[in-house]
Amino acid sequence: MATLHLLSHSPFDDGRFASCLRLLERSDAVLLSGDAVYALQPGSAPQEALVGLDPSIHVFTLAEDHAARGAIPLATRVQLVDYPEFVELCGRYDRVNSWL
């Protein structure tokens, strides 16, 4: 059963980001929102971890939050989504896990 993992906290604040990545399984997805968008900073350890994920794992970021944080350059595997697409993603996956 595929899971959509929702991350909204900075990957530099605590261990949620690393814990989430350790639990990802094939066909899961990660959606970065809020300060989790900082994980996309080029050359950072979180960005390298995202780029190195299994190709079957999709990585999304909420476009509004991405723009609000200075439109950090996106790795080719990261897809921008708007709010309607975010809602659609929640319905596409069997489970949704919010890393509060």
Side-chain angles (χ1 to χ4, degrees):
M1 293 178 52
T3 302
L4 174 64
H5 296 267
L6 308 177
L7 288 164
S8 61
H9 296 274
S10 172
F12 305 105
D13 285 346
D14 56 35
R16 282 178 264 212
F17 181 82
S19 294
C20 173
L21 296 189
R22 278 194 303 275
L23 294 175
L24 291 175
E25 296 182 5
R26 292 183 57 78
S27 300
D28 280 356
V30 175
L31 185 133
L32 305 171
S33 65
D35 286 344
V37 172
Y38 290 121
L40 301 173
Q41 292 178 337
S44 69
Q47 191 258 359
E48 291 177 9
L50 289 170
V51 170
L53 290 173
D54 185 286
S56 72
I57 297 171
H58 295 280
V59 181
F60 303 97
T61 189
L62 197 56
E64 290 84 352
D65 292 342
H66 179 256
R69 282 152 184 85
I72 299 166
L74 294 177
T76 55
R77 73 173 299 160
V78 179
Q79 292 179 263
L80 286 174
V81 295
D82 59 19
Y83 280 103
E85 291 168 317
F86 171 37
V87 172
E88 188 275 323
L89 283 173
C90 291
R92 184 187 315 171
Y93 288 86
D94 300 312
R95 295 178 296 220
V96 177
N97 184 22
S98 183
W99 291 80
L100 302 172

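Residues: numbered from 1 along the sequence shown.
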inquiry  = Count I, L, V, M, F, W, Y as connected when their side-chain heavy atoms are under 4.5 Å apart, and connections chain through other members. Are L32 and V51 then in the same cluster?
reply    = no
key: side chain to side chain contact (heavy atoms under 4.5 Å, CB included) assessment of H58 paired with L89   = CA-CA 11 Å; H58 295 280; L89 283 173; over 6 Å; no
ask   = Roughly how far, to the nearest 0.5 Å, is CE of M1 from CG of D28?
value = 10.5 Å
task = Determine, using the 4.5 Å side-chain heavy-atom cutoff (strictly less than), whether F12 and L40 are members of one ILVMFWY cluster.
result = yes
inquiry  = What's the separation between atom CG in L4 and atom CG in N97, rounded to the nearest 0.5 Å?
reply    = 9.0 Å
message = Hydrophobic clustering (ILVMFWY, side-chain heavy atoms < 4.5 Å, transitive) - are V59 and L21 grouped together?
response = yes
inquiry  = On a heavy-atom basis, which atom in L6 and which in F86 lie closest, and how many Å separate them?
reply    = CD2-CE1, 3.6 Å
message = Can you tell me how far apart CG (D82) and CD (E88) are? Round to the nearest 0.5 Å.
response = 10.5 Å
query = Which heavy atom of G43 sits nearest a heavy atom of E48, and at what distance?
reply = O-OE2, 3.5 Å
message = Quick check on the hydrophobic clustering: are F17 and V37 connected, directly or via other members, by side-chain heavy-atom contacts under 4.5 Å?
response = yes
key: Flag, side chain of D94 to backbone of A2, donor-acceptor distance under 3.5 Å   = yes
message = Would you say H5 and W99 are linked by a side-chain donor-acceptor pair, where the criterion is simply a distance under 3.5 Å?
response = yes
Atom of V81, atom of E85 and distance for their closest heavy-atom approach = CA-OE1, 3.2 Å
query = Given side chains that start at C-beta, do those of P42 and I72 come closer than 4.5 Å, heavy atoms only?
reply = yes
inquiry  = Consider side chain to side chain contact (heavy atoms under 4.5 Å, CB included). Of L74, T76, L80, which one does V78 pass it with?
reply    = L74
query = What are the two closest non-hydrogen atoms of S44 and Q41, and how far apart are they?
reply = OG-O, 2.7 Å
ask   = Looking only at heavy atoms, which two atoms of D65 and G34 are closest? And how far apart?
value = OD2-N, 2.7 Å
note = Heavy-atom closest pair (R77 atom, G52 atom, distance to 0.1 Å) is NH1-C, 4.5 Å
request  = Verify the cluster assignment for L7 and L24: are they in a single hydrophobic cluster under the rule of side-chain heavy atoms below 4.5 Å apart?
outcome  = yes
task = Assess whether side chain to side chain contact (heavy atoms under 4.5 Å, CB included) is satisfied between D13 and Y38, documenting all intermediate values.
result = CA-CA 11 Å; D13 285 346; Y38 290 121; over 6 Å; no
